[in-house]
Amino acid sequence: MLKSQIWNRKHLLGMADLSREEIISILDTAASFREVNRRDIKKVPTLRGKTVINLFYENSTRTRTSFELAGKRMSADVINMSVASSSVKKGETLIDTLANLEAMNPDVVVVRHSESGAQEFLAKNLDAAIINAGDGSHEHPTQALLDLLTIDNHLALMGWESFEGLTVAICGDVLHSRVARSNAIGLSTMGANVRFVGPPTLMPAQVEEAFGVRVFHRMEEGIKDADVVMMLRLQQERMLGAFLPSVREYYEFWGLNHDRLALAAPKAIVMHPGPMNRGVEITSKVADDLSHSVILEQVANGLAIRMAVLYRLCGVEG
Ligand code: CP
């Protein structure tokens, strides 16, 4: 991996904004923070005096916890705002909420929201640095960065020197997945071949042109010889219409089991952003098979990536 220190951005809104050099810069910074997370004393003074606010309008386990830990391990003051017990419940708008938080002069506000484009709107209308922790079905850039770091760690084991030529199959509910979009953009920027694999009802229109991916409507064809099989969560909470006959039938056609995984490259890694629907998009046997599954490595790398992103956006390098 090339070493690079390029980073001039105030916000992190999406992978579509990032150049290859900027992605490499974040991955390099995260690799150095990973060492901090393995120490007995997991704390450095890097962000002392900085303030980070987590504002999550949607549920989260991994992203919110890792942003909180990332800030705390670098000695920032971190506030987790509970939307459920805030004045949002009295009808306060998103922009009013942010404007009031901004009046307290935070350095970074990490926002997750159900509306695509919410963070871009905030970044245009407010002064605080904004990190997109997921906006609707649009983007989830720190998930894509942690996935790139995880794949990068396994490139040599899979027989590759770089992302150039690597084949990544992103499988399942692509339509509702901000993870699929951010990963497709990031992986393409890094030179990988990206496949979207899923039923026509869960595939966005004209996706090949929009993302430069190949689309497959049979799981067996889509994961054949893939180096990376990235399974997506079936997002039933975002489905307003009838997208599937049944969850059972979805598993029959699209669930990743060992028989299907055998079609991928012999050293293929299996990824999932979480939370997993075990027995729906992935079997427990595959999810827990550490000869292929890197799902918990993704979580560990998420912490390092969020440390790197906070470090870059706080501008501590001057
Ligand atoms: N992958 C991910 O965003 O997980 P959470 O929803 O738990 O943050």
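Since we're looking at a predicted model, the values are computed, not measured. Counting convention: from 1, in listed order, for ligands and their atoms alike. Hydrogens, waters and symmetry mates play no part in the numbers below; they use all other heavy atoms, side chains included. Position 1 is the first residue of the sequence; numbering continues from there.
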As an exercise, identify every atom of ligand 1 less than 4.0 angstrom from a heavy atom of [X].
X      : value
Thr63  : 2 (C), 3 (O), 4 (O), 5 (P), 8 (O)
Gln143 : 1 (N), 2 (C)
Thr61  : 5 (P), 7 (O), 8 (O)

Tell me whether ligand 1 is touched by His140 - counting only heavy atoms on the residue side and a distance under 4.0 Å.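 Flag set, His140 near ligand 1.
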Report yes or no: does a heavy atom of Gly274 sit under 4.0 Å from some atom of ligand 1?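 Gly274: in contact with ligand 1 (<4.0 Å).
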Closest heavy-atom contact between Ala30 and Ile305? CB-CD1, 3.7 Å
By ring-ring contact (aromatic ring centres under 6.0 Å, His included), which residues pair with Phe216, not counting sequence neighbours? none
After noting the C-alpha distance and the side-chain angles of Val168 and Arg195, does the key distance pass the side chain to side chain contact (heavy atoms under 4.5 Å, CB included) rule? CA-CA 6 Å; Val168 181; Arg195 301 175 182 171; over 6 Å; no
List, one per line, each side-chain donor-acceptor pair under 3.5 Å for residues 65-80, sequence neighbours excluded.
{"unit_1": "Thr65", "atom_1": "OG1", "unit_2": "Thr61", "atom_2": "O", "d": "2.5"}
{"unit_1": "Ser66", "atom_1": "OG", "unit_2": "Arg62", "atom_2": "O", "d": "2.7"}
{"unit_1": "Ser66", "atom_1": "OG", "unit_2": "Thr63", "atom_2": "O", "d": "3.2"}
{"unit_1": "Ser66", "atom_1": "OG", "unit_2": "Arg306", "atom_2": "NH1", "d": "2.9"}
{"unit_1": "Glu68", "atom_1": "OE1", "unit_2": "Asn80", "atom_2": "ND2", "d": "2.6"}
{"unit_1": "Glu68", "atom_1": "OE2", "unit_2": "Lys72", "atom_2": "NZ", "d": "2.7"}
{"unit_1": "Glu68", "atom_1": "OE2", "unit_2": "Asn80", "atom_2": "ND2", "d": "3.1"}
{"unit_1": "Arg73", "atom_1": "NH1", "unit_2": "Asn37", "atom_2": "OD1", "d": "2.9"}
{"unit_1": "Ser75", "atom_1": "OG", "unit_2": "Val44", "atom_2": "O", "d": "2.7"}
{"unit_1": "Asn80", "atom_1": "OD1", "unit_2": "Asn54", "atom_2": "ND2", "d": "2.7"}

Mind telling me whether His113 and Tyr57 have parallel, tilted or perpendicular rings, with 30° and 60° as the class edges?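 Ring orientation of Tyr57 relative to His113: tilted.
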Ligand 1 to Pro273 polar contact by distance, N or O atoms, under 3.5 Å: yes
Consider every N or O of Arg112 and every N or O of ligand 1, then say whether any pair is closer than 3.5 Å. yes
Closest non-hydrogen protein atom to atom 4 (O) of ligand 1, residue and atom name please, with distance?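 Its nearest protein heavy-atom neighbour is Arg62 NE, 3.0 Å.
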From the options Asp152, Ile151, Leu155, select the one residue that forms a side chain to side chain contact (heavy atoms under 4.5 Å, CB included) with Trp160. Leu155
